[in-house]
Amino acid sequence: MMIFHDSRSEIYRLPAGAIPCGEVLSLRVRAGGMRTVQLRVWWNDAETLYAMSSIGGDLYTVDLPMPGTPGVLWYYFRLTDEDGKVWYFGNASDGLGGVGEPSRKEPPSYQVTVYDPDFRTPEWLRNGAMMQIMVDRFHASKSPDPHLLPPGSFYHPNWNEDPVLVVNDRTGEYAANDFFGGDLKGVEQKLDYLADLGVTVIYFNPVFKAHSNHKYDTGDYMTIDPSFGTEEDFRHLCAAAKRRGIRIILDGVFSHTGSDSLYFNKNGRYGSGGAYHDPESPYSSWFHFSRWPDQYDSWWGFNTLPTVNKNDPSFRRFIVSGRNSVVAHWLRAGASGWRLDVADELPMDFIHEIREREKKINPDAALIGEVWEDPSNKVAYGKTRCYCLGDTLDCTMNYPLRDAILLFLRCRIDAASFVRRVDSMRENLPKPFLYSQMNLLGSHDKPRALTVLADMGDMEPERRFRRAFDMPAEAYACGKRRLIAAWKLICALPGMPCVYYGDEAGLYGMSDPMCRGTYPWGHEDQELVQEFRDALHRRAASPALRTGSVKLVACGTDVVMIHREIYQGRDVFGKPAQNEEVTLAVNRAREARWVEFDGRTFEVPAESAIWLSRDAGKAEPAAVRPMEAKA
């Protein structure tokens, strides 16, 4: 008895990967000694069985027209042998597609993402490079004014001090009341540095008025935080950035507000109104009180973050549909899109409404979502959500890729496992979405990439380990080597590379708030900055690295090769592009490895990544040597 199907082989599935509505999908399975072979399909909560036809020997096929509406289709094969026993063949146990597994019981299904054929994402996402910036920690244009801070807050006297973690033992919340003085004018003063680095998009953590330094406890959606500047400063920054080819993305925190806000006003700092003080407040319907005023729904139990009822009509008008809504106002002020905080906690129709409003104002604006898992099949609140069908997000923060890269380079998974994870992303995500993904190594919610890669902390350390520390020189050197390899890997894969401010300068630190240190102006690791710059400039100059086809190959346990190609003058979107082939070889081992490329054998140094180019006829200068030179 033999059964076989590989969802990533065009022999068994054509076309491969996600597929537009209305197209025909051909599925095949190899099955010897079977009386009947059926394809079982799950769509819209209903099962359908299709008889498969033999096309010679033991190969069976069926042509399946895709539905006319977007969604996620699931399939596996049901077979009956000559003895009447029922067999199944479905997805592998890890759910990552490719070669599946036979079973006597119902198996995991393969996924087919069926998306809107008119789905388009802004080209500047796939062609660009992003930096994520926390304004307070990036650059100060002047000496800070303490009078601009909320009560109980303070400025550090020294820009280069460490952030502080003050935790309330009773509530478990930390104060987040220390500031350093970074502002919007300070960012504007560094635009030339960003442009020279190769950055074309800035994603700001929240910039609106709020009590905390992180600003995820919004106090007033229509006002720039006074410590950061004014709306005029924001508009001026957007205009100055545009002149340098840089766009601005804002953080939309719409799942909750701050308790210290114009809308809730628990602390009474916004006058006598607000839902906490006045049950007749125009904002009362935004919040749910089990017993007014002290018992209310809050985000993950934090009383400083009351949850908002996203289905409330007045809230939706204020955020989305109103003539001068939050979404509309800041797009008109110069922003090029939004990143939605905790997107998986927002109703899908709410995200859809934001998308429609945003695209109506500016069809080239972007909508990015914070989703930490596979965005094509994320399970939230008991329902499977797909954010890449063309009706909600343009892309998400690619945490699955981050995890795969960091695990691979730290020898937690091998090369084959890394390739398998990335190939699953390529299979599940439509090309417009995949090539727009926000590919990151670090963020404000994670330990600094250098810290993780230096093996100085887990990827998710407990709060008691969130402390400032001095990294030993040997650990820093190891982390730096791996970080350079990781960044090159990010720049070699489809999607938009995103650097968390300061990662390129050598910042390290544990989780929040230690990963939110100040940019080390005047103390940067210039070699590291140059490596980041070189990789971004190489990508910007290479059509293949931006919109070329991609193939990943595991070479043994320790080496991954990424091949990117433009063929016959067209990229993967069918647009004219110069023919080009580029290959990156990544070696995570602590010793050199040898790889075959273009009929020659090259040495890849330990814990490094090297570029190989057929067009150039050589490997990256001084990085590798051909085998004949080994002696």
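It should be emphasised that the depicted structure is a prediction, and the values quoted were computed from it without experimental measurement.
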Neighbour count >12 (heavy atoms, 6.0 Å) for atom [atom1], [X]:
{"X": "Asp470", "atom1": "CG", "answer": "no"}
{"X": "His329", "atom1": "NE2", "answer": "yes"}
{"X": "Lys185", "atom1": "NZ", "answer": "no"}

Side-chain donor-acceptor contact under 3.5 Å, [X] with [Y]:
{"X": "Thr223", "Y": "Asp220", "value": "yes"}
{"X": "Gln437", "Y": "Thr396", "value": "yes"}
{"X": "Trp299", "Y": "Glu345", "value": "yes"}
{"X": "Asn213", "Y": "Asp136", "value": "no"}
{"X": "Asp251", "Y": "Tyr216", "value": "yes"}
{"X": "His277", "Y": "Tyr270", "value": "no"}
{"X": "Asp225", "Y": "Ser227", "value": "yes"}
{"X": "Thr113", "Y": "Asn428", "value": "no"}
{"X": "His288", "Y": "Asp297", "value": "yes"}
{"X": "Asp391", "Y": "Tyr115", "value": "no"}

Give a yes/no verdict on a cation-pi contact between [X] and [Y], requiring under 6.0 Å between NZ or CZ and the six-membered ring centre and an angle within 45° of the axis.
{"X": "Lys215", "Y": "Phe228", "result": "yes"}
{"X": "Lys310", "Y": "Trp286", "result": "no"}
{"X": "Arg448", "Y": "Tyr501", "result": "yes"}

>> Between Asp374 and Asn377, does the side chain to side chain contact (heavy atoms under 4.5 Å, CB included) criterion hold? Intermediate values first, please.
In response: CA-CA 6 Å; Asp374 184 335; Asn377 56 33; 3.3 Å; yes
So, [X] and [Y], do they make that salt bridge, N to O below 4.0 Å?
{"X": "Arg244", "Y": "Asp196", "result": "no"}
{"X": "Arg235", "Y": "Glu231", "result": "yes"}
{"X": "Asp183", "Y": "Lys142", "result": "yes"}
{"X": "Lys190", "Y": "Asp192", "result": "no"}
{"X": "Arg410", "Y": "Asp455", "result": "yes"}
{"X": "Arg126", "Y": "Asp394", "result": "no"}

>> Under the rule for side-chain hydrogen bond (donor to acceptor under 3.5 Å, both in side chains), what residues qualify as partners of Asn311, not counting sequence neighbours?
In response: Arg316
For the residue pair [X] and [Y], categorise the inter-ring angle as parallel (less than 30°), tilted (30 to 60°) or perpendicular (more than 60°).
{"X": "Tyr296", "Y": "Phe289", "result": "perpendicular"}
{"X": "Tyr276", "Y": "Phe264", "result": "tilted"}
{"X": "His156", "Y": "Phe154", "result": "tilted"}
{"X": "Trp338", "Y": "Phe208", "result": "tilted"}

Is any side-chain heavy atom of [X] less than 4.5 Å from a side-chain heavy atom of [Y]?
{"X": "Ile319", "Y": "Ser325", "value": "no"}
{"X": "Leu346", "Y": "Ser255", "value": "yes"}
{"X": "Pro313", "Y": "Arg317", "value": "yes"}
{"X": "Tyr221", "Y": "Ser261", "value": "no"}
{"X": "Pro520", "Y": "Leu507", "value": "yes"}
{"X": "Pro151", "Y": "Arg269", "value": "yes"}

>> For Ser443 and Asp445: C-alpha separation, side-chain torsions, deciding distance, then whether side chain to side chain donor-acceptor pair (under 3.5 Å) applies.
In response: CA-CA 5 Å; Ser443 78; Asp445 285 324; 4.9 Å; no
> Does Phe433 have its ring centroid less than 6.0 Å away from the ring centroid of Tyr387?
Replying inline: no
> Can Glu161 and Trp159 be said to form a side chain to side chain donor-acceptor pair (under 3.5 Å), step by step?
Replying inline: CA-CA 6 Å; Glu161 288 181 359; Trp159 177 262; over 6 Å; no
